[in-house]
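A short write-up of the structure that comes next.
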Amino acid sequence: MNLGLKLMEWSIRAASRLPLGVLYVFSDVACVFLHHVVRYRLGTVRENLRKSFPEKGSSELRGIERAFYRHFSDNAVESMKLLHMSDEEMRRRMRFKNVELIDSLFAEGRDIVAYFSHCINWEWATSVGLHTKSKMAEEADFGFVYRPLNNKIFDALMLDIRRRFGASAYPKTTVFRELIRMRKSSRRFIAGFMSDQKPSHGDPTQVLMFLNHPTAMITGTETVARKLNTAVIYWDMHREGRGRYCIECRLMCRQAADEAEGSITACYAGMLEDTIKRNPSLWLWTHKRWKYPVKLAEE
């Protein structure tokens, strides 16, 4: 076992017991360090912003860049805090608007696929079960899809963080089998898919215009929804203040199998683009989303 990594894990678990206000002091320091000292992926952030918003001037782009690094640092300490955050505090800090949509779809006997993204603090989205009438592990399964980390120490740590409020974790490679198993049980499920990252090698994709780029959008989420004929919703993420967020549940379709092929992915891309344009600093610009250029079909 790597002692250095284990010490780092213990440090994170210990720091998570500090009040969030104290952790924000560390975030302020980390922001300066990441942005101005080590310049963490600064070239990627600047190139992504410049090409995504060619209409914006350099001053406006630098403002978005500065705000992005502040949110990026906050995201780290807020995610860490999940290890020791009470249900009451989470309910105060993360609101869900139109969460009744989830309960109404469950009442109709529909399972749900939820699209969300690397906006605001996406890790806090796993607290959705605190706001619904259907309780986790009793009446419904609230889960999310994740890519296991190679390092077992930090993979276990991230699972502890993400399952803090009772959410299930579905490895990307087995998610369909997990949802089939859930379908055979007496409980409904809602499965969250973060579909805005760069596709892995071999992932099926659909090329769309997204943020001024021809972009390969992952279609696996739509495929799962169509095969299981689930309802599909979008979690539209808003920042209301430091450490205070809101997710609005928006219906995309009630029966995915009835939708034209590719239409759900295209709808998600459009909704996500609107979310990002509303406040560009809240998206994860350090992703090398356009590392491998693609072309639209008509080109």
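Just so we're clear, the structure is a prediction, and the values are computed from it rather than from any experiment.
Inter-residue side-chain proximity for I233 and L105 is flagged as met; some heavy-atom pair is nearer than 4.5 Å. Between V38 and F33, some side-chain heavy-atom pair lies under the 4.5 Å cut-off. For the pair L42 and H36, the minimum side-chain heavy-atom distance is 4.5 Å or more. Residues P214 and M209 have side chains in contact (heavy-atom distance under 4.5 Å, counting atoms from C-beta outward). No side-chain heavy atom of M217 sits less than 4.5 Å from a side-chain heavy atom of S195. H287 places none of its side-chain heavy atoms less than 4.5 Å from the side chain of N48.
Heavy-atom neighbours of N150 CG from other residues, nucleotides or ligands within 6.0 Å: at or below the threshold of 12. Shown here is E89, whose CD atom has more than 12 heavy atoms of other residues, nucleotides or ligands within 6.0 Å. Enclosure of atom NZ in K152 is not indicated, since only 12 or fewer non-hydrogen atoms of other residues, nucleotides or ligands lie within 6.0 angstrom. More than 12 heavy atoms of other residues, nucleotides or ligands shown are found within 6.0 angstrom of OH on Y24. The 12-atom threshold is not exceeded at CZ of R39, counting heavy atoms of other residues, nucleotides or ligands nearer than 6.0 Å. Residue E108 places its CD atom among more than 12 non-hydrogen atoms of other residues, nucleotides or ligands, all under 6.0 Å distant. Within a 6.0 Å sphere centred on CZ of R17, other residues, nucleotides and ligands contribute 12 heavy atoms or fewer.
At a cut-off of 3.5 Å, with distance as the only test, no side-chain donor of E248 or Y234 sits close to an acceptor on the other residue. Under 3.5 Å, the side chains of D74 and S27 contain a donor-acceptor pair of N or O atoms.
Residues forming a ring-ring contact (aromatic ring centres under 6.0 Å, His included) with H84 (at least two apart in sequence, or on another chain): none. Residues passing the ring-ring contact (aromatic ring centres under 6.0 Å, His included) test with Y146, sequence neighbours excluded: none.
Using a distance-only test at 3.5 Å, with no hydrogens or angles considered, no donor-acceptor pair links the side chain of E259 to the main chain of I264.
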Open item on the list: If you apply the rule side-chain contact (heavy atoms from CB on, under 4.5 Å), what do you find for K97 with H238, and how did you get there?
Closed with: CA-CA 10 Å; K97 184 178 179 181; H238 304 256; over 6 Å; no
Open item on the list: F144 vs V128, test: side-chain contact (heavy atoms from CB on, under 4.5 Å). Steps then yes/no.
Closed with: CA-CA 11 Å; F144 60 90; V128 60; over 6 Å; no
- [ ] Determine, step by step, whether T265 and E222 satisfy the side chain to side chain donor-acceptor pair (under 3.5 Å) criterion, reporting the C-alpha distance in whole Å, the side-chain angles of both residues, the deciding distance to 0.1 Å, and the verdict.
- [x] CA-CA 6 Å; T265 301; E222 175 176 342; 2.6 Å; yes
- [ ] Let me see the working for S200 and R147 under side chain to side chain donor-acceptor pair (under 3.5 Å), right down to the final yes or no.
- [x] CA-CA 10 Å; S200 298; R147 298 183 183 186; 3.0 Å; yes
Open item on the list: side-chain contact (heavy atoms from CB on, under 4.5 Å) for E9 and N151? Distances and angles first, verdict last.
Closed with: CA-CA 12 Å; E9 180 207 2; N151 184 281; over 6 Å; no
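Just one of L284, N75, I276 meets the side chain to side chain contact (heavy atoms under 4.5 Å, CB included) condition when paired with H118; it is L284.
Salt bridge K81/E78: absent, no basic N to carboxylate O contact under 4.0 Å. A salt bridge does not link R181 with D141: none of the charged nitrogens is closer than 4.0 Å to a carboxylate oxygen. The pair R250-D236 meets the salt-bridge criterion, with a side-chain N (NZ, NE, NH1 or NH2) lying under 4.0 Å from an Asp/Glu carboxylate O.
Ring geometry for Y40 versus F72: interplanar angle under 30°, hence parallel rather than tilted (30 to 60°). Below 30°, between 30° and 60°, or above 60°: for Y268 and Y115 the angle between ring planes is below 30°, a parallel geometry.
Taking CE of M158 as the reference point, atom OG of S79 lies at 6.0 Å (rounded to 0.5 Å). The distance from atom CD1 of I112 to atom CE of M252, rounded to the nearest 0.5 Å, is 13.0 Å. Between H131 atom NE2 and R91 atom CZ the span is 7.0 Å, to the nearest 0.5 Å. Taking OH of Y69 as the start and CH2 of W285 as the end, the distance is 12.5 Å to the nearest 0.5 Å. For the atom pair CG (L272) and CG (D196), the distance works out to 5.5 Å, reported to the nearest 0.5 Å. Note that the CH2 atom of W124 and the CE atom of M94 stand 7.0 Å from one another [nearest 0.5 Å].
There is a path of hydrophobic side-chain contacts, each under 4.5 Å, that joins I12 to L23. With hydrophobic clusters built from ILVMFWY side chains whose heavy atoms lie under 4.5 angstrom apart, Y245 shares a cluster with W283.
The shortest heavy-atom contact between V77 and L20 is O-CD1, 4.4 Å.
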